Amino acid sequence: MRDDTPSDDPARLDLPRLQALLDRLHEAVRPPADGLAPLLDQSTLAELSRLTRALEARAAEPTLSQQAYRAIIDSSDDAIIGKALDGTITSWNTGAERIFGYGAAEALGQSIRIIIPPERHGEESTILARIAAGERVDHFETVRRHKDGHLIDVSATVSPILDENGQVCGASKIARDITARKRTDAELAEYRQHLEAMVEERTAALSVAKEAAEAANRAKSSFLANMSHELRTPLNAIIGLSELALRGAREPRLRDQLAKIDRASQHLLGVINDVLDISRIEADRLILEQTHFRLGEVLENFSSLVAHRAAEKGLRLHIERSPEIARLALHGDPLRLSQILINFAGNAIKFTERGGITVRVHLADESEQDVALRFEVQDTGIGIAAADRERLFSAFEQADASTTRKYGGSGLGLAISKRLVELMGGEVGVDSEEGRGSTFWFVLRIGKGQESALPHSLHASEAAEQRLRQHCRGMHVLLVEDEPINQEVSRELLQLAGLRVSVAANGAEAVEAALRGRHDLILMDMQMPVLDGPDATREILARLGEQAPPIIAMTANAMASDRQRCLDAGMRDHIAKPINSRLLFAKLLQWLLPAAEADSGETGSQAAENPATDIGLHDIDGLDPDTALYQLGGNSELYLRVLAQFATDHASSPQRIANALAAGDRNGAQRRAHSLKGVASQAGAERLRSLAERVEHDIRDHAPGLDASLAELGDHLRQLIIALQPHLPPG
């Protein structure tokens, strides 16, 4: 049975019944036709009263969704604040109370500025202006103030609130306390800075330790160099005097004793040279040459140096290389390449009693710019145990390190060879089986050389010379050269081509001669006293202008930077010393006969065989007469005169360099070393040229091993002049 009894429970609000009561009320109050209002019955009035109370109660309560929204806001750890466009606070959640210290009753109706430091009031004005324009301000970090006055780092987002018409009527702000994060970031930054400081401190300490180690290494190298010098000085006298005595000795027993002294002193000199080389390598002071050469000539030179040593032990020496390999034109350091081969071959000869030594060269790879060559030196000697191979290439190490070694040696040759190969960017190794011989090998990638920069046959130079005689006879060339030997060589070559030659001994004389007379071309040396080549060139060009003849540089420094220095001074071209007659004549044709094509590309079919054989200079250590004769157009008489003047003028060059250094004239000393280098190249004294260049660099770099380098230069020069004396023309 349904209970229709009215209830006073305001939670029970029957909306359809309310609508029916309202309809009855409407009918009750409508005026009747006779103008008299009927009275409402008591039950209707009671029901109306109850519904009124229920409506009032319901209006006073929030809806369920409002309660949930409020619960979410109050449970947030972030401050959620509502404010009007004038900054008045309209809502304040519990998160705001916790972060800023103000209760809701304290904050509501107040200006938002109560939590903003005075110096940031302008910031709030900017934010309110952006909100009023309908913008949203996202995740900006700032500073706010707690009720007790301390500052709080916050990250805030402010959004506009819109009314029912879509107009901005206020702002909602969510602020998060990031003070702890900021503190952590600051601590991390401080820790990072501390770590960086520790790293810097450790790096500085390591740098100091590294510098100390390098200083110790330099001191060791300097000591070795000085000791080498001290040992070489008396040794030079032993070698020189024993050789002179041997030349005059006739009694067989005395000759045998002197020969043994000479061999022993040469062996000692080799050991000292090895020590000096290893000290230079460890001090990073070894300079590799970059010059054009033919591989076949290096192999022939190597064979001439080691063949007799193999023959003395009854061993055969065989070199395997194809004709194509022999003809390869390369660009690198032929002297050091030869040194490696000699060290490997010497080691093979030492440890081989029967059989022979085979040297092989293979073309491993080739590109447009370079070739990879594999060199092998194979012997039939005692072989090397596997346990001993690892330390073979260490300095002062040998497979048998006992004091009673049968074979002797310093143990430096292989170490030096390994370092040289590595300096050249290659790799080195050994394959061996105890009792069955060894194969030492190395692989180098070497740049390709230029055929035009190599010594050629006489035909090409003769062709250029003939064209010069035919078309340029009598033309006037000013030769500017301070070195008498170079003067003679260049003057005679120019005169052979039918040219008229004037000589100036320095740059100042060159300027005076250029202003005084007409010249068709000037050949200008680079390093000279009084005024050097570049300065003299600038002076001539400034004084003569367009009337100045072409000026061609001549210098022993043939690097790209040296060529650029010539061009920067206004020189038109560059000729490297030692002067090659073919290249010289081609350059002369190019500049003296601009209307004709130069024949610089012509080469002869085959080089003359052993042009120096007849003058007997092949056995002199450090001398390459073939190359020198090619440079002089095959004129052996001129070559002997050059050697004679060289022996006369430059025997005291090392002492003159030492005197200049003692007087504090480093420029003069460097210039003398440079001059000796150029003369040595012209004379074919390649070893002397290399030593002179080393001294020149040591003077320039203030190197600690300069004394040792200079002593080595003097020793070699004295030995060379002694060896040359029997071959030179009298007077």
Side-chain angles (χ1 to χ4, degrees), residues 288-307 310 315-349 355-380 389 392-393 413-414 416-433 437-457 558 601 603-607 609-610 624 626-627 630 686:
L288 294 176
E289 296 290 332
Q290 292 297 321
T291 187
H292 298 276
F293 66 97
R294 201 179 298 280
L295 182 58
E297 295 174 359
V298 172
L299 295 175
E300 289 171 8
N301 180 62
F302 156 76
S303 177
S304 67
L305 292 174
V306 301
L315 304 173
R316 68 179 185 278
L317 176 67
H318 180 56
I319 299 178
E320 295 181 3
R321 84 284 186 275
S322 66
E324 293 76 16
I325 290 285
R327 288 196 294 269
L328 275 177
L330 303 175
H331 186 251
D333 193 331
L335 181 64
R336 294 302 181 182
L337 174 58
S338 179
Q339 182 179 355
I340 298 167
L341 289 171
I342 291 170
N343 281 344
F344 280 4
N347 194 67
I349 292 170
I357 315 297
T358 301
V359 179
R360 301 185 184 90
V361 187
H362 304 288
L363 181 63
D365 187 29
E366 182 175 10
S367 69
E368 292 184 4
Q369 294 78 29
D370 54 30
V371 293
L373 297 173
R374 180 182 174 92
F375 298 84
E376 297 178 356
V377 178
Q378 182 180 19
D379 63 61
T380 56
R389 291 176 206 157
L392 270 180
F393 292 101
L414 294 180
I416 291 172
S417 297
K418 182 176 186 292
R419 304 287 183 86
L420 289 174
V421 170
E422 291 172 345
L423 282 174
M424 296 179 185
E427 56 179 331
V428 63
V430 59
D431 301 319
S432 182
E433 184 177 346
S438 306
T439 299
F440 286 82
W441 58 267
F442 62 98
V443 179
L444 291 178
R445 186 165 285 278
I446 309 176
K448 289 185 176 179
Q450 299 176 4
E451 288 288 338
S452 60
L454 292 169
H456 288 274
S457 70
T603 60
S605 57
Q606 293 290 333
E609 295 185 2
N610 299 328
D624 183 3
D626 291 345
T627 299
Y630 277 126
E686 177 57 29

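Keep in mind the model is a prediction, meaning the values are calculated, not measured. Every heavy atom of this structure was used, including side-chain atoms; hydrogens, water molecules and symmetry mates were not. Residue numbers run from 1 in the order of the sequence given.
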Legend entry - Residues N343, L414; criterion side-chain contact (heavy atoms from CB on, under 4.5 Å); working and verdict: CA-CA 7 Å; N343 281 344; L414 294 180; 5.7 Å; no

For the [atom1] atom of [X] and the [atom2] atom of [Y], what is their distance to the nearest 0.5 Å?
X    : Y    : atom1 : atom2 : result
L295 : R327 : CG    : CZ    : 12.0 Å
L337 : L330 : CG    : CG    : 8.5 Å
E686 : S338 : CD    : OG    : 10.5 Å
D379 : S432 : CG    : OG    : 7.5 Å

Between [X] and [Y], which heavy-atom pair has the shortest distance, and what is it?
X    : Y    : answer
T291 : P334 : CG2-CD, 3.4 Å
R445 : A372 : NH2-CB, 3.6 Å
A310 : L317 : CB-CB, 4.4 Å
L444 : G426 : CD2-CA, 3.9 Å
F293 : G332 : CE2-N, 3.5 Å
G447 : D370 : CA-CB, 3.8 Å

Donor-acceptor pair, distance only, cut-off 3.5 Å: does the side chain of [X] make one with the backbone of [Y]?
X    : Y    : result
R360 : E320 : no
H292 : H331 : no
T380 : G437 : no

Inset, instruction - Before accepting this row, confirm whether a basic side-chain N of the pair E366/K448 lies closer than 4.0 Å to the acidic partner's carboxylate O. - result: yes

Legend entry - side-chain contact (heavy atoms from CB on, under 4.5 Å) assessment of Q339 paired with I416: CA-CA 9 Å; Q339 182 179 355; I416 291 172; 3.7 Å; yes

Close side-chain approach of [X] and [Y], heavy atoms under 4.5 Å:
X    : Y    : value
V428 : W441 : no
V359 : E376 : no
L341 : L299 : yes
V377 : I357 : yes
I342 : V306 : yes

Inset, instruction - May I ask you to decide if the ring planes of F375 and F442 are parallel, tilted or perpendicular, using 30° and 60° as cut-offs? - result: parallel

Inset, instruction - Sorted by first residue and then second, give each salt bridge (charged side-chain N to carboxylate O under 4.0 Å, His left out) pair with at least one member in residues 420-432; sequence neighbours left out. - result: K418-E422

Inset, instruction - Might you work through the side-chain contact (heavy atoms from CB on, under 4.5 Å) test for V443 and L373, ending with a clear yes or no? - result: CA-CA 6 Å; V443 179; L373 297 173; over 6 Å; no

Inset, instruction - Step by step, work out the side-chain contact (heavy atoms from CB on, under 4.5 Å) result for I325 and H362. - result: CA-CA 8 Å; I325 290 285; H362 304 288; over 6 Å; no

Legend entry - Set of side-chain hydrogen bond (donor to acceptor under 3.5 Å, both in side chains) partners for E433, sequence neighbours left out: none

